[in-house]
There are 2 protein chains.
Amino acid sequence: MPGPRRLPSRSELDVWRDFIETTEVLRTQIGGRLQHDTGLSTGDYSVLLALSEAPDRRLRSSELAAGVGWERSRLSHHLARMERRDLITREGHATDSRGAVVVLAPAGAAAFQAATVPHLRAVRELFVDALTPAQLAAAGEIATALRRHLDSSA
Amino acid sequence: MPGPRRLPSRSELDVWRDFIETTEVLRTQIGGRLQHDTGLSTGDYSVLLALSEAPDRRLRSSELAAGVGWERSRLSHHLARMERRDLITREGHATDSRGAVVVLAPAGAAAFQAATVPHLRAVRELFVDALTPAQLAAAGEIATALRRHLDSSA
DNA sequence: CTCCTATGATTGACACGTCAACCACAGGGG
DNA sequence: CCCCTGTGGTTGACGTGTCAATCATAGGAG
């Protein structure tokens, strides 16, 4: 056990840079297409997806935050913007006066409906179609390994 | 060849979501550590790295943009913020009066020096150490395949 | 019942990114 | 020489994300 572990080698660093930059470009492209085709951001899409699948198309704010994996502060800012555009509305919680309930608005449901096929098509074109089945499986395993490692060191 | 190709299957979509969310968490964690340990953002780091490697520690704005892979507008905003913090300075170009030259400032060089080891350590801990050598190689190949596909459909 | 702490959520300040508009100058045709 | 188009770069507006501070209420200890 040497004390401070080694730094990444040149080839490891090359993989890192290539990997992180490419995933960033991928995210930007997918987001840009979604924005262009439907007027929704990927954040909007995640929120609308979670609400669409929720019973009664409504969720308590903290449940929604857990569902999309965001901090409450981020969700609060995003919901404020979505409310301004009439995609969602907010109500008080019946039994816990601290709570807020987020409700899918008609315009939000419509926007989500219109967005889902174009978005899934973009995912296929830019991600699934770029990889062989073996690479796709490997991508899944890499994501799982990274996630487990991140969770354990948090 | 059926006309409109199929949408992603359930398992393909699961991989997509896992992959894109995990890489985002990874990016956020690395950026957060860098910010916390050194006061630099990953953007700052990229710019300072490019300038450190440039002859005379100075680059024309458009070359710097190409080097870090950013749009000119993004670079301009970022340089304005970095100039405010005395990490870089900007000068006019000698022969092309339209041009701007970005110069690494002493504080920028010092901040970069201080940041490199902690940053590389974080990359090793959160990325390299999470993967087997085979997975690391696969990650490189996946990035290459995605990048090529993105370039061709742009 | 009265504090006391923990939790749900919002806010303000600020960094970051994109888009479109803009300004200034370079480098030619005429 | 004059215009005209293209290029280098900046700016403003706005959406997005993080952090720290704030506020109100829930829920339990005493």
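This is a predicted model, so every value here is computed, not measured. Throughout, a chain's letter reflects where its sequence line sits, starting with A, and its residues are numbered from 1.
- Defined by atom type and a distance below 3.5 Å, a donor-acceptor pair is present between the side-chain atoms of B:Asp44 and B:His78.
- B:Ser61 comes within 4.0 angstrom of the backbone, heavy atoms only, and of no base.
- Remark: side-chain polar atoms of A:Gln135 are paired, donor with acceptor, to backbone N or O of A:Thr132 under 3.5 angstrom.
- For the pair B:Arg27 CZ and D:dT18 P, the computed distance is 12 Å after rounding to whole Å.
- With hydrogens and angles ignored, a donor-acceptor pair closer than 3.5 Å exists between the side chain of B:Ser73 and the base of D:dT11.
- Atom CZ of B:Arg72 and atom P of D:dG8 are 6 Å apart (whole Å).
- Below 30°, between 30° and 60°, or above 60°: for A:His119 and A:Tyr45 the angle between ring planes is between 30° and 60°, a tilted geometry.
- Remark: the backbone N or O of B:Gln35 is not paired with any side-chain donor or acceptor of B:Thr38 at under 3.5 angstrom.
- Using a 4.0 Å heavy-atom criterion, one finds that A:Gln35 contacts no nucleic acid atom at all.
- A donor N or O paired with an acceptor N or O is found under 3.5 Å between the base of D:dT18 and the side-chain atoms of A:His77.
- Nucleotides of DNA chain C lying under 4.0 Å from heavy atoms of chain A occupy a range whose first and last members, 5' to 3', are C:dT7 to C:dT18.
- Atom CG of A:Leu75 is separated from atom P of D:dT18 by 12 Å (rounded to the nearest Å).
- Of the charged side-chain nitrogens involved, at least one lies within less than 4.0 Å of a carboxylate oxygen, so that A:Asp14 and A:Arg10 count as a salt-bridged pair.
- When each of A:Leu79 and A:Thr28 is assigned the nucleotide of DNA chain C bearing its nearest heavy atom, the one mapping closer to the 5' terminus is A:Leu79.
- Side-chain nitrogen and oxygen atoms of A:Arg74 include none within less than 4.0 Å of the OP1 or OP2 phosphate oxygen of D:dT16.
- For the pair A:Met82 CE and D:dG17 P, the interatomic distance rounds to 12 Å; values are reported in whole Å.
- Taking 4.0 Å as the cut-off between side-chain N and carboxylate O, B:Glu12 and B:Arg6 count as a salt-bridged pair.
- Between the C1' atom of D:dG15 and the OH atom of A:Tyr45 lies a distance of 20 Å, rounded to the nearest Å.
- No donor-acceptor distance shorter than 3.5 angstrom exists from the side chain of A:Asp56 to the backbone of A:Arg58, with no hydrogens or angles considered.
- Heavy-atom distances under 4.0 Å link DNA chain C to A:Arg90 of residues 83-95 of chain A, given in residue order.
- Between A:Ser97 and A:Arg81, the residue anchored nearer the 5' end of DNA chain D, judged by the nucleotide with its closest heavy atom, is A:Arg81.
- Nearest approach of A:Leu146 to B:Thr22, heavy atoms of both residues: CB-CG2, 3.7 Å.
- Remark: the backbone N or O of A:Ser61 is not paired with any side-chain donor or acceptor of A:His93 at under 3.5 angstrom.
- The 5' end of DNA chain C is approached more closely, in terms of each residue's nearest nucleotide, by A:Asp96 than by the other of A:Asp96 and A:Glu24.
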